[in-house]
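Residues: numbered from 1 along the sequence shown.
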Amino acid sequence: MAAGRTASRAAQALILAVVVGLLALLVTTTADHLQQRGIRSGFDFLLEPAGFSIGESLLPVEAEDSTLRAFAAGLLNTLRVALPGALLATLIGVLAGFGRLADNPLVRGLASAYVNAFRNIPLLLQLLAWYFLLTDLLPATDAALRVAPGVFLSKSGLALPWWVDGALEIPEPGGFGIDGGARLTPEYLAILLGLTFYSAAYIAETLRGAVEALPPGQRLSALALGMTPRQAFVLVLLPQAWRAALPPVTSQLLNLFKNASLAVAIGYPDLVSVAGTSLNQTGRAIECLAIVIAVYLLLSLLAAALSHRLEQRALRGQAA
(Lines give C-alpha, C1' and ligand atoms only; values in the text may rest on other atoms or scores of the structure.)
Protein backbone atom coordinates (compact mmCIF):
# COMPACT_ATOMS: atom_id res chain seq x y z
CA MET A 1 0.00 0.00 0.00
CA ALA A 2 2.86 2.37 0.86
CA ALA A 3 4.47 1.64 -2.50
CA GLY A 4 1.18 2.44 -4.25
CA ARG A 5 0.88 5.79 -2.46
CA THR A 6 4.48 6.62 -3.35
CA ALA A 7 3.85 5.82 -7.01
CA SER A 8 0.68 7.90 -6.98
CA ARG A 9 2.48 10.90 -5.50
CA ALA A 10 5.28 10.53 -8.03
CA ALA A 11 2.75 10.47 -10.87
CA GLN A 12 1.02 13.57 -9.50
CA ALA A 13 4.36 15.38 -9.19
CA LEU A 14 5.24 14.41 -12.76
CA ILE A 15 1.91 15.67 -14.10
CA LEU A 16 2.30 18.93 -12.18
CA ALA A 17 5.83 19.36 -13.53
CA VAL A 18 4.60 18.79 -17.11
CA VAL A 19 1.78 21.32 -16.66
CA VAL A 20 4.15 23.93 -15.21
CA GLY A 21 6.62 23.27 -18.05
CA LEU A 22 3.91 23.70 -20.69
CA LEU A 23 2.74 26.93 -19.07
CA ALA A 24 6.31 28.24 -18.94
CA LEU A 25 6.77 27.36 -22.61
CA LEU A 26 3.52 29.10 -23.49
CA VAL A 27 4.49 32.25 -21.59
CA THR A 28 7.98 32.32 -23.13
CA THR A 29 6.67 31.81 -26.67
CA THR A 30 4.02 34.47 -26.23
CA ALA A 31 6.57 36.94 -24.85
CA ASP A 32 8.83 36.34 -27.87
CA HIS A 33 5.97 36.98 -30.29
CA LEU A 34 5.02 40.18 -28.49
CA GLN A 35 8.61 41.38 -28.55
CA GLN A 36 8.86 40.70 -32.28
CA ARG A 37 5.75 42.86 -32.83
CA GLY A 38 7.06 45.66 -30.66
CA ILE A 39 4.45 45.17 -27.95
CA ARG A 40 5.68 45.89 -24.45
CA SER A 41 5.46 42.90 -22.11
CA GLY A 42 6.75 41.71 -18.77
CA PHE A 43 5.82 42.04 -15.12
CA ASP A 44 7.69 45.29 -14.48
CA PHE A 45 4.31 47.08 -14.36
CA LEU A 46 3.75 45.56 -10.93
CA LEU A 47 6.22 48.05 -9.46
CA GLU A 48 4.69 51.05 -11.23
CA PRO A 49 1.88 53.20 -9.75
CA ALA A 50 -1.47 51.47 -10.02
CA GLY A 51 -3.33 54.59 -11.14
CA PHE A 52 -6.48 53.61 -9.24
CA SER A 53 -7.54 53.27 -5.62
CA ILE A 54 -9.43 50.54 -3.78
CA GLY A 55 -11.91 51.89 -1.28
CA GLU A 56 -12.86 48.59 0.39
CA SER A 57 -9.83 46.61 1.46
CA LEU A 58 -7.92 45.40 4.47
CA LEU A 59 -4.86 46.81 2.71
CA PRO A 60 -5.52 50.46 1.71
CA VAL A 61 -4.54 51.24 -1.90
CA GLU A 62 -4.21 54.72 -3.38
CA ALA A 63 -3.51 55.67 -6.99
CA GLU A 64 0.18 56.30 -6.28
CA ASP A 65 0.69 52.86 -4.71
CA SER A 66 2.21 50.05 -6.75
CA THR A 67 0.14 47.68 -8.86
CA LEU A 68 1.62 44.82 -6.83
CA ARG A 69 0.02 46.32 -3.71
CA ALA A 70 -3.29 46.51 -5.56
CA PHE A 71 -3.07 42.82 -6.48
CA ALA A 72 -2.26 41.97 -2.86
CA ALA A 73 -5.32 43.94 -1.73
CA GLY A 74 -7.47 42.08 -4.27
CA LEU A 75 -6.19 38.73 -3.01
CA LEU A 76 -6.93 39.73 0.60
CA ASN A 77 -10.44 40.76 -0.43
CA THR A 78 -10.94 37.36 -2.06
CA LEU A 79 -9.80 35.55 1.08
CA ARG A 80 -11.83 37.98 3.21
CA VAL A 81 -15.05 36.73 1.63
CA ALA A 82 -14.06 33.10 0.86
CA LEU A 83 -12.80 32.05 4.29
CA PRO A 84 -15.85 33.22 6.30
CA GLY A 85 -18.05 31.91 3.49
CA ALA A 86 -16.49 28.44 3.77
CA LEU A 87 -17.04 28.36 7.54
CA LEU A 88 -20.64 29.57 7.33
CA ALA A 89 -21.43 27.25 4.41
CA THR A 90 -20.20 24.25 6.39
CA LEU A 91 -22.26 25.16 9.46
CA ILE A 92 -25.43 25.90 7.48
CA GLY A 93 -24.90 22.80 5.34
CA VAL A 94 -24.71 20.56 8.40
CA LEU A 95 -27.88 22.13 9.85
CA ALA A 96 -29.75 21.87 6.55
CA GLY A 97 -28.59 18.29 6.07
CA PHE A 98 -29.88 17.45 9.54
CA GLY A 99 -33.12 19.25 8.70
CA ARG A 100 -33.67 17.14 5.61
CA LEU A 101 -33.48 14.01 7.78
CA ALA A 102 -35.59 15.37 10.64
CA ASP A 103 -38.71 13.56 11.77
CA ASN A 104 -40.65 16.83 11.92
CA PRO A 105 -42.34 17.26 8.49
CA LEU A 106 -42.26 21.07 8.70
CA VAL A 107 -38.51 21.17 9.37
CA ARG A 108 -37.90 18.54 6.69
CA GLY A 109 -40.01 20.45 4.18
CA LEU A 110 -38.31 23.80 4.84
CA ALA A 111 -34.84 22.26 4.60
CA SER A 112 -35.74 20.47 1.36
CA ALA A 113 -37.21 23.65 -0.13
CA TYR A 114 -34.04 25.58 0.72
CA VAL A 115 -31.71 22.95 -0.75
CA ASN A 116 -33.72 22.50 -3.94
CA ALA A 117 -34.12 26.24 -4.50
CA PHE A 118 -30.51 27.27 -3.98
CA ARG A 119 -29.06 24.30 -5.87
CA ASN A 120 -31.15 24.95 -8.97
CA ILE A 121 -30.65 28.70 -9.36
CA PRO A 122 -27.37 29.76 -11.03
CA LEU A 123 -24.96 31.38 -8.60
CA LEU A 124 -24.60 34.53 -10.71
CA LEU A 125 -28.36 35.13 -10.57
CA GLN A 126 -28.29 34.63 -6.81
CA LEU A 127 -25.52 37.20 -6.44
CA LEU A 128 -27.46 39.73 -8.50
CA ALA A 129 -30.62 39.02 -6.47
CA TRP A 130 -28.83 39.52 -3.16
CA TYR A 131 -27.28 42.75 -4.45
CA PHE A 132 -30.69 44.01 -5.55
CA LEU A 133 -32.22 43.17 -2.17
CA LEU A 134 -29.44 44.94 -0.28
CA THR A 135 -29.24 48.08 -2.42
CA ASP A 136 -32.84 48.64 -3.50
CA LEU A 137 -35.18 47.21 -0.88
CA LEU A 138 -33.40 48.27 2.32
CA PRO A 139 -33.95 51.75 3.82
CA ALA A 140 -31.57 54.64 3.27
CA THR A 141 -28.66 55.23 5.63
CA ASP A 142 -30.43 57.98 7.58
CA ALA A 143 -33.30 55.53 8.31
CA ALA A 144 -31.21 52.41 8.94
CA LEU A 145 -32.78 49.36 10.53
CA ARG A 146 -31.53 48.56 14.00
CA VAL A 147 -31.24 44.76 13.93
CA ALA A 148 -29.40 44.50 17.28
CA PRO A 149 -27.81 46.84 19.84
CA GLY A 150 -25.12 48.73 17.93
CA VAL A 151 -25.89 46.91 14.64
CA PHE A 152 -27.60 48.79 11.79
CA LEU A 153 -28.59 47.62 8.30
CA SER A 154 -29.28 49.94 5.36
CA LYS A 155 -28.53 50.43 1.66
CA SER A 156 -25.01 51.39 2.69
CA GLY A 157 -24.43 47.97 4.22
CA LEU A 158 -24.08 46.63 7.73
CA ALA A 159 -22.64 48.78 10.54
CA LEU A 160 -21.05 46.78 13.37
CA PRO A 161 -19.22 47.52 16.62
CA TRP A 162 -15.46 47.42 16.10
CA TRP A 163 -12.23 48.11 17.93
CA VAL A 164 -10.69 51.45 17.00
CA ASP A 165 -7.42 52.51 18.66
CA GLY A 166 -7.83 49.80 21.28
CA ALA A 167 -11.38 50.74 22.25
CA LEU A 168 -14.69 49.22 21.19
CA GLU A 169 -16.54 51.74 19.05
CA ILE A 170 -20.34 51.37 18.86
CA PRO A 171 -22.16 52.67 15.74
CA GLU A 172 -24.75 55.34 16.46
CA PRO A 173 -27.20 57.26 14.24
CA GLY A 174 -25.73 60.59 13.17
CA GLY A 175 -26.87 63.58 11.20
CA PHE A 176 -26.33 61.98 7.79
CA GLY A 177 -26.19 58.29 8.63
CA ILE A 178 -24.40 55.95 11.01
CA ASP A 179 -21.26 57.11 12.79
CA GLY A 180 -18.60 54.87 14.32
CA GLY A 181 -17.86 51.18 14.17
CA ALA A 182 -17.06 49.16 11.07
CA ARG A 183 -18.89 48.83 7.74
CA LEU A 184 -19.63 45.80 5.60
CA THR A 185 -20.60 47.09 2.16
CA PRO A 186 -23.57 45.74 0.17
CA GLU A 187 -21.15 44.28 -2.36
CA TYR A 188 -19.34 42.31 0.34
CA LEU A 189 -22.58 41.15 1.95
CA ALA A 190 -24.03 40.08 -1.41
CA ILE A 191 -21.06 37.93 -2.40
CA LEU A 192 -20.78 36.47 1.12
CA LEU A 193 -24.47 35.55 1.31
CA GLY A 194 -24.53 34.22 -2.24
CA LEU A 195 -21.49 31.97 -1.83
CA THR A 196 -22.57 30.79 1.61
CA PHE A 197 -26.14 29.74 0.84
CA TYR A 198 -25.29 28.29 -2.59
CA SER A 199 -22.44 26.14 -1.26
CA ALA A 200 -24.32 25.17 1.91
CA ALA A 201 -27.13 23.67 -0.18
CA TYR A 202 -24.68 21.31 -1.90
CA ILE A 203 -22.99 20.41 1.39
CA ALA A 204 -26.40 19.63 2.93
CA GLU A 205 -27.31 17.31 0.07
CA THR A 206 -23.93 15.60 0.28
CA LEU A 207 -24.35 14.96 4.00
CA ARG A 208 -27.91 13.73 3.52
CA GLY A 209 -26.77 11.21 0.94
CA ALA A 210 -23.88 10.07 3.14
CA VAL A 211 -26.16 9.54 6.15
CA GLU A 212 -28.79 7.65 4.14
CA ALA A 213 -26.06 5.43 2.68
CA LEU A 214 -25.28 4.08 6.15
CA PRO A 215 -26.86 0.74 7.16
CA PRO A 216 -30.29 1.29 8.77
CA GLY A 217 -29.18 -0.85 11.69
CA GLN A 218 -26.88 1.93 12.89
CA ARG A 219 -29.78 4.23 13.74
CA LEU A 220 -31.98 1.44 15.08
CA SER A 221 -29.21 0.23 17.39
CA ALA A 222 -28.67 3.74 18.73
CA LEU A 223 -32.39 4.15 19.40
CA ALA A 224 -32.50 0.74 21.08
CA LEU A 225 -29.76 1.91 23.46
CA GLY A 226 -32.04 4.73 24.62
CA MET A 227 -30.73 7.57 22.47
CA THR A 228 -33.08 10.18 21.10
CA PRO A 229 -33.25 10.59 17.30
CA ARG A 230 -31.12 13.74 17.59
CA GLN A 231 -28.49 11.98 19.72
CA ALA A 232 -28.43 9.06 17.32
CA PHE A 233 -27.80 11.42 14.42
CA VAL A 234 -25.17 13.59 16.13
CA LEU A 235 -23.27 10.88 18.02
CA VAL A 236 -23.59 7.84 15.75
CA LEU A 237 -24.61 8.70 12.19
CA LEU A 238 -22.97 12.09 11.60
CA PRO A 239 -19.37 11.06 12.52
CA GLN A 240 -19.52 8.10 10.13
CA ALA A 241 -21.21 10.08 7.37
CA TRP A 242 -18.75 12.94 7.72
CA ARG A 243 -15.82 10.66 6.88
CA ALA A 244 -17.55 9.56 3.67
CA ALA A 245 -18.70 13.10 2.82
CA LEU A 246 -15.37 14.82 3.53
CA PRO A 247 -13.92 14.55 -0.02
CA PRO A 248 -17.00 15.99 -1.82
CA VAL A 249 -17.48 18.62 0.91
CA THR A 250 -13.90 19.85 0.59
CA SER A 251 -14.33 19.84 -3.18
CA GLN A 252 -17.41 22.04 -2.79
CA LEU A 253 -15.51 24.42 -0.49
CA LEU A 254 -12.79 24.61 -3.12
CA ASN A 255 -15.48 25.54 -5.65
CA LEU A 256 -16.56 28.27 -3.25
CA PHE A 257 -13.08 29.81 -3.44
CA LYS A 258 -13.15 29.69 -7.23
CA ASN A 259 -16.71 31.01 -7.43
CA ALA A 260 -15.58 34.06 -5.46
CA SER A 261 -14.26 35.33 -8.80
CA LEU A 262 -17.90 36.13 -9.73
CA ALA A 263 -17.70 39.04 -7.28
CA VAL A 264 -16.62 41.22 -10.19
CA ALA A 265 -20.22 41.08 -11.45
CA ILE A 266 -21.47 43.14 -8.49
CA GLY A 267 -18.49 45.46 -8.16
CA TYR A 268 -16.68 43.87 -5.23
CA PRO A 269 -12.92 44.57 -5.63
CA ASP A 270 -11.57 41.02 -5.52
CA LEU A 271 -8.51 39.68 -7.32
CA VAL A 272 -10.28 39.33 -10.68
CA SER A 273 -11.67 42.87 -10.47
CA VAL A 274 -8.21 44.31 -9.66
CA ALA A 275 -6.70 42.33 -12.54
CA GLY A 276 -9.31 43.72 -14.94
CA THR A 277 -8.68 47.28 -13.83
CA SER A 278 -4.90 46.79 -14.08
CA LEU A 279 -5.35 45.34 -17.56
CA ASN A 280 -7.22 48.47 -18.64
CA GLN A 281 -4.55 50.70 -17.11
CA THR A 282 -1.48 48.92 -18.48
CA GLY A 283 -2.65 46.81 -21.43
CA ARG A 284 -0.78 43.78 -20.01
CA ALA A 285 -3.56 41.29 -20.65
CA ILE A 286 -1.43 38.14 -20.65
CA GLU A 287 0.46 39.12 -17.52
CA CYS A 288 -2.68 40.00 -15.56
CA LEU A 289 -4.36 36.80 -16.65
CA ALA A 290 -1.26 34.78 -15.74
CA ILE A 291 -1.23 36.28 -12.23
CA VAL A 292 -4.88 35.41 -11.63
CA ILE A 293 -4.43 31.86 -12.96
CA ALA A 294 -1.31 31.33 -10.84
CA VAL A 295 -2.98 32.58 -7.66
CA TYR A 296 -6.10 30.45 -8.09
CA LEU A 297 -3.98 27.44 -9.02
CA LEU A 298 -1.90 27.90 -5.88
CA LEU A 299 -5.01 28.27 -3.71
CA SER A 300 -6.48 25.14 -5.28
CA LEU A 301 -3.31 23.13 -4.63
CA LEU A 302 -3.17 24.30 -1.02
CA ALA A 303 -6.83 23.41 -0.51
CA ALA A 304 -6.29 19.99 -2.13
CA ALA A 305 -3.31 19.33 0.15
CA LEU A 306 -5.35 20.30 3.21
CA SER A 307 -8.22 18.09 2.05
CA HIS A 308 -5.86 15.14 1.58
CA ARG A 309 -4.46 15.68 5.06
CA LEU A 310 -7.93 15.75 6.61
CA GLU A 311 -8.93 12.60 4.73
CA GLN A 312 -5.84 10.77 5.95
CA ARG A 313 -6.54 11.84 9.52
CA ALA A 314 -10.14 10.68 9.24
CA LEU A 315 -9.03 7.31 7.86
CA ARG A 316 -6.53 6.88 10.69
CA GLY A 317 -9.25 7.71 13.21
CA GLN A 318 -11.57 5.17 11.60
CA ALA A 319 -8.85 2.50 11.67
CA ALA A 320 -8.15 3.20 15.34
Closest heavy-atom pair and its distance - [X], [Y]:
X      : Y      : value
Leu46  : Ser66  : O-CB, 3.5 Å
Ala265 : Leu128 : O-CD2, 4.4 Å
Ala96  : Val115 : CB-CG2, 4.5 Å

Those residues that, when tested against [X], pass side-chain contact (heavy atoms from CB on, under 4.5 Å) (two or more places apart):
X      : answer
Ser251 : Asn255
Pro60  : Arg69
Leu133 : Trp130, Leu137
Ala159 : Phe152, Pro171, Ile178, Arg183

Quick one: does [X]'s side chain get under 4.5 Å of [Y]'s, heavy atoms only?
X      : Y      : answer
Leu256 : Thr196 : no
Phe71  : Leu75  : no
Leu193 : Tyr188 : no
Thr67  : Leu47  : no
Asn280 : Phe52  : no
Val61  : Ser53  : no
Leu145 : Pro139 : yes

List for me each residue that meets side-chain hydrogen bond (donor to acceptor under 3.5 Å, both in side chains) alongside Tyr131, sequence neighbours excluded, and say none if there are none.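 With sequence neighbours excluded, Tyr131 shows a side-chain hydrogen bond (donor to acceptor under 3.5 Å, both in side chains) to Glu187, given in chain and number order.
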Run the side-chain hydrogen bond (donor to acceptor under 3.5 Å, both in side chains) test against Glu169 and tell me which residues pass, sequence neighbours left out. none
Not counting sequence neighbours, list each pair that qualifies as a side-chain hydrogen bond (donor to acceptor under 3.5 Å, both in side chains) and has a residue in [range].
range            : result
residues 154-163 : Thr141-Ser156
residues 259-268 : Arg80-Tyr268
residues 198-212 : Arg100-Glu205, Glu205-Arg208, Arg208-Glu212

Measure the [atom1]-[atom2] distance between [X] and [Y] for me, rounded to the nearest 0.5 Å.
X      : Y      : atom1 : atom2 : result
Leu192 : Leu88  : CG    : CG    : 6.0 Å
Leu87  : Thr90  : CG    : OG1   : 6.5 Å
Phe45  : Cys288 : CZ    : SG    : 4.0 Å
Leu195 : Phe257 : CG    : CZ    : 10.0 Å
Leu59  : Leu76  : CG    : CG    : 6.0 Å
Lys258 : Thr78  : NZ    : OG1   : 14.5 Å

For residues 118-126, which side-chain N or O atoms pair as donor and acceptor with protein atoms under 3.5 Å away, sequence neighbours left out?
| unit_1 | atom_1 | unit_2 | atom_2 | d |
| --- | --- | --- | --- | --- |
| Asn120 | ND2 | Asn116 | O | 2.5 |
| Gln126 | NE2 | Phe118 | O | 2.9 |
| Gln126 | NE2 | Ile121 | O | 2.8 |

Using a 4.5 Å cut-off between side-chain heavy atoms of Ile, Leu, Val, Met, Phe, Trp and Tyr, which other residues end up in the same hydrophobic cluster as Leu298?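 Listed partners: Leu302.
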Polar side-chain atom of Ser57 near backbone of Ile54 as donor-acceptor pair, under 3.5 Å: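 Between the backbone of Ile54 and the side chain of Ser57 there is no qualifying donor-acceptor contact (under 3.5 Å).
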Distance alone, cut at 3.5 Å: any donor-acceptor contact between the side chains of Glu56 and Thr185?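 The answer is yes; a qualifying pair exists.
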Please, which pairs that meet ring-ring contact (aromatic ring centres under 6.0 Å, His included) have at least one residue in residues 88-111, sequence neighbours excluded?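 Qualifying pairs, neighbours excluded: Phe98-Phe233.
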